[in-house]
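Note on naming: letters A, B, ... go to the chains in the order of the sequence lines (proteins, then strands), and numbering restarts at 1 for each one. Both backbone and side-chain heavy atoms feed into the values below; hydrogens, waters and symmetry mates do not.
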Amino acid sequence: MLNLKPNIADPDGFYETLINAQRDLTDDAVDRMNAKLILILSNHIGDNDVLAEAITLAAGEARE
Amino acid sequence: MLKTYEFPEFDYICSAEQRDGRVRRHPVVIVGGGPIGLTAALDCARRGIPAVLLDDNNTVSVGSRAVCYAKRPLEIWDRLGCGEKLVAKGVSWQVGKVFFGDDLAYSFNLLPEADHHMPAMINLQQYYLEEELVALCEASDLVDLRWKHKVVGLEQTDDRAVLKVETPDGVFAMEADWVIACDGARSDMRGMVGADFAGKVFEDRFLIADVVMKADFPTERWFWFDPPFHRGQSVLLHKQSDNVWRIDFQLGRDADPEDAKKPENVLPRLKAMLGEDTEFELEWVSVYQFACRRMEKFRHGRVLFAGDAAHQVSPFGARGANTGVQDIDNLTWKLKLVLDGLAPESLIDSYEDERIFAADENLLASARSTDFITPKNRMSRVFRDAVLDLAKTHDFARPLVNSGRLSTPTPYCNSPLNTPDEDDFRGAMVPGTNCADAPVNKDGKDDWFLRALGEGFSIVVFGDVPHGKTIAVGEIEAPVIEVSTDIVDEKGVLTERYDGAKGAVYLIRPDQYVAGRWRTFDPDRIAAALARATGQRH
Ligand SMILES: Cc1cc2nc3c(=O)[nH]c(=O)nc-3n(C[C@H](O)[C@H](O)[C@H](O)COP(=O)(O)OP(=O)(O)OC[C@H]3O[C@@H](n4cnc5c(N)ncnc54)[C@H](O)[C@@H]3O)c2cc1C
């Protein structure tokens, strides 16, 4: 089951790390990084059902 | 003319029925002498059905076509008499390399599972395969192989099909109880029954070249994504017999096929890839566009479609011939029972159920490989490249790289012919699964489990049976094979693969699929499963 409750202990710290990592990148480099990040995290999660749930959710959000 | 191969020309012979103008009724007529039709004729003969095989041409497959044959079709050809010969003639490879951009991303060793008679796969030119199958057809009393016989018309009634056949001597009619249409992706028979062929045609074009290499080159499969010598595209190199190498160049969507094929355009590509100093000669060049599609139904009255006529897949993952041969393996024993009046005609419909299920799995696997190799938009390409980049340093990304997956037999999980497990079993051999091979000892000699199975149904019992050596339903008999007296499992591999503790019983179909299994020998349960597997009870 996809966890949609707050789950990150230090939300501000996480967000800063993410944004800082992309601050100086071109759009193409950001896309490359994001793709790798998704793949790395997906592997960590590993559960296809959870991943499918997350993909469906994100796709729906993107459409709005 | 190829440098390494001369195409045979088979003789056209005017048949007696055409000469005499007498319409004859045949139990089975097969249309199309490609790998699938030839296999169908041999399997019919093996099961005792006289088969007429019609082909509009008079030679074997011309051009660069199938290369890679997987274990299951090899096992089927072994049953039909040429598995070992094909393996001896073919090339086996184990090391694969994946390149991305300028670098080797990673290499892998297939390390196939030990203790199978047939290898995980071989590479062999399609014309060698067909030549071998033709030789076996010619040697068989039950196969009537007729070259330069083109089917040009079809009519059907409830109990027969009437084919109009054109030969150099004109047009004549033949009647058949059943027709197996194996006339390839551009099937005329499909048009004659008015069926569509729906699916996806991929826009990318591929240049396929066969070259004869003068020097030694390692027997490995190399796949390049975005190489320096062919930027933005993919390239595949692998070995066939006689030092002939298959090279696939992705050309993209806008390539002009005629232009791409010209030697002045092909040779520089090959030189850039193989190195200026590598000596090679061009054997054959063609340009293909690939498609993934299938017929909605494989049975149209008395006409049963198989192979590329019924379903077409892109060649990534080498599934076309591999899966077509398994159509035949599934169909022929059912035809035999129905022709002999031992099973109801509805058994034939299970061919369609089971093989459409398999075709869909193959179509999905091919479409997935094609999508990885030829990303369809900018972001798919970013993901694809991210996978390849990560694969250079991280193991986790390697399973995501998809340059074609090895074809394996599809389990018929939900087939109505299966008797689902009631007893407790571990392991892979659930009802509906293709039987795994294993080394056994028979009559004091080393042999293989699949070879020890009978032509029809078999009941394999681990240990020995208290009473009776066959189970019968009507006239359908399934002999018992005891893993103790009939075959001996010296190595223990068979027992392990089948979770075969003493007393375990397997009912195995003529196409070597598990129909049912039990912990004890209960003649009633076995007979019920046999009835169900032959379409007589549900
Ligand atoms: C580049 C490439 C690579 C491939 N690689 C692989 C691979 O590695 N492994 C794999 O398994 N598959 C591979 N395939 C697919 C494989 O070649 C086909 O799946 C296979 O040939 C299908 O066999 P078939 O007998 O169904 O049809 P075909 O081989 O097309 O044979 C059909 C036959 O029917 C005859 N015919 C047609 N119309 C009539 C008519 N009206 N009357 C009488 N006869 C007729 C034709 O002359 C022909 O002989 C590859 C294909 C391509 C193009």
(request) Name the region of A:Ile40, side chain, backbone, both or neither, that has any atom closer than 4.5 Å to a heavy atom of chain B. (result) both
(message) Holding to side chain to side chain contact (heavy atoms under 4.5 Å, CB included), I want the full list of residues that pass it with A:Asn7, two or more places apart in sequence or in another chain.
(response) A:Asn3
So which donor and acceptor atoms of chain A and chain B come within less than 3.5 Å of each other?
from: A:Asp28; atom 1: OD1; to: B:Arg378; atom 2: NH1; distance (Å): 3.2
from: A:Asp31; atom 1: OD2; to: B:Arg378; atom 2: NH1; distance (Å): 3.3
from: A:Asp31; atom 1: OD2; to: B:Arg378; atom 2: NH2; distance (Å): 2.1
from: A:Lys36; atom 1: NZ; to: B:Asp389; atom 2: OD2; distance (Å): 2.8

(message) Taking atom CZ as the centre, does B:Phe396 end up with more than 12 heavy-atom neighbours from other residues, nucleotides or ligands that are less than 6.0 angstrom away?
(response)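 Above 12, so yes.
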